[in-house]
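Predicted model only: the values in this text are computed from it and were never measured.
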Amino acid sequence: MSERKDFLRTIVEADIKSGKCKEVVTRFPPEPNGFPHIGHAKSIAINFGIARDYNGHCNLRMDDTNPTKEDTKYVEALKDAVEWLGFEWEGNVRYTSDYFTQIHDYAIQLIKMGKAYVDSLGEDEIREYRGTVTEVGKRSKYAERTVEENLELFEKMKKGEFKDGEHILRAKIDMSAPNMKLRDPLLYRIRHVEHFRAGNTWAVYPMYDFAHCLSDYIEGVSHSICTLEFENNRDIYNWVLETLSLTPPRPYQHEFARLGINYTVMSKRKLLELVEGGQVDGWDDPRLPTIAGYKRRGYTPESILAFCDSVGIAKANSMVDVSQLEFCIRDDLNLKVPRVMCVLDPLKITLVNYEGSEELDASYYPDDVPKEGSRKLPFSSDICIERDDFMENPPKDYFRLTPDQSVRLKGAYIITCKEVIKDASGKVVEIKAEYSKDSKSGSDTSGIKVKSAIHWVDATRAKEVEVRLYDRLYSVEAPQGVEDLNADSLKIIKNALIEPAVINEKPDERFQFERQGYFYADPVDYTDEKPVFNKIVGLKGSWDKKSKKTETPSKKVEVKKEQIDGEVVAMSQTQQTLFDKYTIELKLNSEVANTLARDAQLSAFYEEALSQLNSPVSLANIVSNEVARELKQIEISELKFSASQIADLVKIIDDGTISNKIAKQVFEEMVNSGENPSKIVEDKGLVQISDPAIISAIIDEVMTKNPDNVEKFKAGNKKLLGFFVGQVLKATGGKANPQVVNQLVGQKLK
RNA sequence: UGGGGUGUCGCCAAGUGGUAAGGCACUAGUUUUUGGUACUGGUAUUCGGGGGUUCGAGUCCCUCCACCCCAUCCA
């Protein structure tokens, strides 16, 4: 568990501490209507992770309330995903459909309470009656049906006596609620479809909003964690649970931002389009952000989890850069997998001064990877290197083989180009080179310095393999549709050459092809006769990338957007009168006066306090700031403190008994207890310390404790003034007079 | 437009009114038989804008702006 907690864990901890929840129970509740993607992985990591961190448990629940879209093949994929990521769900896999009877009983209960009714409006009418975001809705005439009628109708619905859409069960909440979700939400609809688990038992199926909260409750879930788009649904969630007055404990819903990654799509709909449209090769296409895709591509579960952890949990909608994911897989694989050599685009090298052949010893791991293992590397006069690793007319920062520059064949000898052979079109087809006999890797006595070591294979004993090079699926950061697809997202190399040990020894499934990237033996198509490797991810920042970048200097023009101030609503006549009084008569600044005048409650409170104490400015400040804050949460009648107590508070600020800082503390106490300010000051001994002698001593103490900062301050870091003042205030429990402290610190540190 | 949310570096993201964490990316250097890794530096005088309160504001108040979600018998 990381030191700094995300907001969900903060909530969970607070709930444990307050006793709101006895045991932490979470759930991962996907609808089995599609293949899970990395967004699900985030949800899995959160739900199972929180349960693990707080010694609770997490259920896996299939939210199968819509029989028209769901299928058992998806539940298998979902189970696989959770298992692959290394989590275990509590007990069996749960299904919302297992609770259909209980949920149905709760619906009956709601009907009996007069809180639900059978509506017989058509689909269009329902939509029309719902109103819009700006207009209130109107209730259906069927809402007037008696409990008996509703019971009878719902029973018939359940028995399948009506056709789809003929009737619907709705909650009776509020057709004029500003939250559209609360305008008599639908609870049950008729569906004459076979459910993949419940078969034809039911003719009615509960809607998400009704089933989800109850399923959570039935399972004893404490924290129902979902994504941001369900924020509006929280009100129904609570309404259902509360009006049914269920025996506690009951679950509470919390929302976090779903995961977005650039250059890909995450919505089920768009993913489905790609699969069905044949743009990709099935749900496990390695270019897809599906769990199956990442799995087939070669990503490890550890890397996916590390990624989920690194992006954090917050409420701001965000788009994470793929490079962050790529870092996680590289970081994981770097310490795990063997290094081998594979030439993707071979260029023939003939070593004119080498005869016979030999087997060179080569470690699978570099010195900085603490793993053991090695293999034999066949070597002869016929070698293949990467075409990119030779240039006839290289730029100056090219480190590889050129007519004038030798290179080392990694793990073997240093070679020097002697002759470049080209075909009729001018393409280089072969290099004749010489090797340096005494430059053998590990026992190099040649003294030759080379700029780089390149990978290679023995041309005659290398194996031919297929390599699939994957690149980002889309060519734009936020793809809209198929038109944004990257045409080069898959490049297949049929005849790459790989050193034989990889095929013969099979030291692993994942490899680093030296200088290229990480690759994975394709779990589906790989055979010993025809090996296939998927590129998981390239190595970081190669020279290629750098050179490409300089070609296209994507200069970003900095356009500082001018922010336009919108129009402020004009004040009413009475507000204007108050405003004028405050500014002219009481000499308040216009901002404070504005705040007060525009809020009837605040101005009334202010006037009352003013009648107790003639200190218009101080009073106005505290009312327009502190009191205003409290009033944002609760009604004025619920306030524990009175206007006259505020007047008392201001009085002791004005006479210097307490500082403004302490006043905040006192105010907070008043909010909680409604106690008189002077009593609080007395009880807690909050009278401020203004004696320079006392403060001076404390400053000295702080200075000796923080010599570095004293230096920094003297060197000109004036920001540190706040630091010292803060330390002194901390040492005195906030009681030191900050003005005096400021002045003294300033003097001492001159 | 009503309601619900969210704005801190190029991308994520911490931040009890008291020195703006961390990661990715970028960049410079050191080590390196991978242009990898590792290591060491450099990257926000400023937190969407503007006011206000305060000795002191990313944090409190007011206001404006931008973006996301809600009017499926989907979840």
Side-chain angles (χ1 to χ4, degrees), chain A residues 4 30-31 33 63 65-66 68-69 123 126-127 130-137 164-165 168 177-181 183 186 188-191 207-208 212 228-235 255 257 262 310-312 314-321 323-324 326-327 330 334-335 339 366-369 397 399 408 410-411 441 444 450 452-455 512 514-516 539-544 546 556 561 563-568 589 591-592 594-595 598 621-622 624-626 628-629 659-661 664 709 712 717 719-727 729-730 737-743:
Chain A
R4 262 185 248 276
E31 182 189 15
N33 71 340
D63 205 7
T65 58
N66 185 356
T68 60
K69 291 163 67 180
E123 208 173 324
I126 286 183
R127 196 182 353 267
R130 189 146 35 213
T132 68
V133 288
T134 47
E135 299 162 76
V136 299
D164 284 12
I168 194 118
N179 179 356
M180 297 291 293
K181 293 272 179 197
R183 320 253 255 228
L186 277 38
Y188 266 92
R189 77 287 218 188
I190 300 169
R191 277 289 124 89
M207 303 286 289
Y208 165 85
H212 203 93
L228 245 33
E229 65 269 28
F230 292 101
E231 277 171 325
N232 296 323
N233 300 254
R234 190 175 57 230
D235 285 343
E255 311 87 12
N262 58 9
S310 81
V311 301
K315 296 194 76 159
N317 279 310
S318 54
M319 180 82 88
V320 179
D321 201 294
S323 66
Q324 195 149 343
E326 291 172 350
F327 167 82
R330 283 192 203 106
N334 177 42
L335 292 173
R339 272 55 170 181
D367 294 338
D368 50 15
V369 173
D397 56 350
F399 297 166
R408 172 175 295 283
K410 182 155 171 96
S441 184
D444 184 357
V450 289
S452 73
I454 61 174
H455 61 281
Q512 185 193 104
E514 210 124 8
R515 301 207 305 135
Q516 314 255 29
L539 258 26
K540 201 190 146 200
S542 68
W543 177 79
D544 294 342
K546 210 188 216 169
K556 222 187 232 170
K561 265 188 284 180
Q563 189 122 311
I564 307 136
D565 279 357
E567 237 172 88
V568 182
N589 84 42
E591 195 64 33
V592 172
N594 192 47
T595 306
R598 280 177 184 274
N621 286 340
I622 206 158
S624 71
N625 285 287
E626 314 308 312
R629 177 177 65 241
S659 62
N660 266 301
K661 188 184 175 73
K664 306 256 162 158
N709 283 338
K712 278 194 218 162
N717 189 346
K719 271 191 297 189
L720 256 25
L721 180 65
F723 166 76
F724 285 109
V725 175
Q727 291 300 310
L729 250 33
K730 203 170 165 189
N737 182 329
Q739 274 116 321
V740 177
V741 176
N742 257 303
Q743 198 189 350

Mind calculating the distance between [atom1] ([X]) and [atom2] ([N]) to the nearest angstrom?
| X | N | atom1 | atom2 | answer |
| --- | --- | --- | --- | --- |
| A/N334 | B/U34 | CG | C1' | 11 Å |
| A/K661 | B/A57 | NZ | C1' | 12 Å |
| A/E626 | B/G17 | CD | P | 12 Å |
| A/E514 | B/U34 | CD | P | 8 Å |

Which part of the nucleic acid, if any, lies within reach of [X] when heavy atoms closer than 4.0 Å are counted: base, sugar-phosphate only, or nothing?
| X | answer |
| --- | --- |
| A/K730 | nothing |
| A/Q512 | base |
| A/G411 | base |
| A/R339 | base |
| A/N621 | sugar-phosphate |
| A/S323 | sugar-phosphate |
| A/N625 | base |
| A/V725 | base |

Restricting to non-hydrogen atoms, name the atom on [X] and the atom on [Y] that form the minimum distance, rounded to 0.1 Å.
| X | Y | answer |
| --- | --- | --- |
| A/M207 | A/L186 | CG-O, 3.3 Å |
| A/V369 | A/N334 | CG2-O, 3.5 Å |
| A/N709 | A/L720 | O-CD2, 3.5 Å |
| A/N589 | A/V592 | OD1-N, 2.9 Å |

ask   = Is B/U72 syn or is it anti, if syn means the base angle is within 90 degrees of 0?
value = syn

With [atom1] as the reference atom in both, quote the distance from [N] to [M] in angstrom, rounded to an integer.
| N | M | atom1 | value |
| --- | --- | --- | --- |
| B/C61 | B/C68 | C1' | 26 Å |
| B/G48 | B/U59 | P | 8 Å |
| B/C24 | B/C39 | P | 10 Å |
| B/U6 | B/U16 | P | 15 Å |
| B/U8 | B/G4 | C1' | 23 Å |

Is there a side-chain polar atom (N or O) of [X] under 4.0 Å from OP1 or OP2 of [N]?
| X | N | value |
| --- | --- | --- |
| A/N589 | B/U53 | yes |
| A/Q739 | B/C55 | yes |
| A/T595 | B/G52 | no |

request  = Not counting sequence neighbours, which residues clear side chain to side chain donor-acceptor pair (under 3.5 Å) with A/R330? List them please.
outcome  = none

ask   = Listed by chain and number, what are the side chain to side chain donor-acceptor pair (under 3.5 Å) partners of A/K69, not counting sequence neighbours?
value = none

note = Of A/R234 and A/V311, the one whose closest nucleotide on RNA chain B sits nearer the 5' end is A/R234

remark   = Assign each of A/R598 and A/D444 the nucleotide of RNA chain B bearing its closest heavy atom; nearer the 5' end lies the nucleotide of A/D444

task = Working to the nearest 0.5 Å, report the span between CD of A/E31 and OH of A/Y208.
result = 11.0 Å

inquiry  = How long is the straight-line distance from CG of A/N262 back to CD of A/Q324, given to the nearest 0.5 Å?
reply    = 10.5 Å

key: Letter per nucleotide, 5' to 3', of nucleotides 68-75 of chain B [B base touched, S only sugar-phosphate touched, - untouched; heavy atoms, 4.0 Å]   = SBSBSBBB

ask   = Can you list the residues that meet the side-chain contact (heavy atoms from CB on, under 4.5 Å) rule with A/K661, with sequence neighbours excluded?
value = A/S659, A/L729

Look at the side chain of [X] and the base of [N], then say whether one donor and one acceptor between them are separated by less than 3.5 Å.
| X | N | answer |
| --- | --- | --- |
| A/Q727 | B/G18 | no |
| A/R515 | B/U34 | no |
| A/D321 | B/C11 | no |

Centroid distance under 5.5 Å and plane angle under 30°, A/F723 vs B/G18 = no

ask   = Is A/E626 salt-bridged to A/R629, going by a charged N under 4.0 Å from an acidic O?
value = yes

Are any protein N/O atoms closer than 3.5 Å to N/O atoms in nucleotides 42-47 of chain B? If there are, list each pair with its distance.
unit_1: B/U46; atom_1: O4; unit_2: A/K719; atom_2: NZ; d: 3.1

ask   = Considering Watson-Crick and G-U wobble pairs with both distances under 3.5 Å, what does B/U1 pair with?
value = none

ask   = Does the side chain of A/N594 come under 3.5 Å of the side chain of A/R598 through a donor N or O and an acceptor N or O?
value = yes

request  = Check salt bridge (Lys or Arg N to Asp or Glu O under 4.0 Å) between A/D444 and all other residues, then give those that pass, not counting sequence neighbours.
outcome  = A/R408

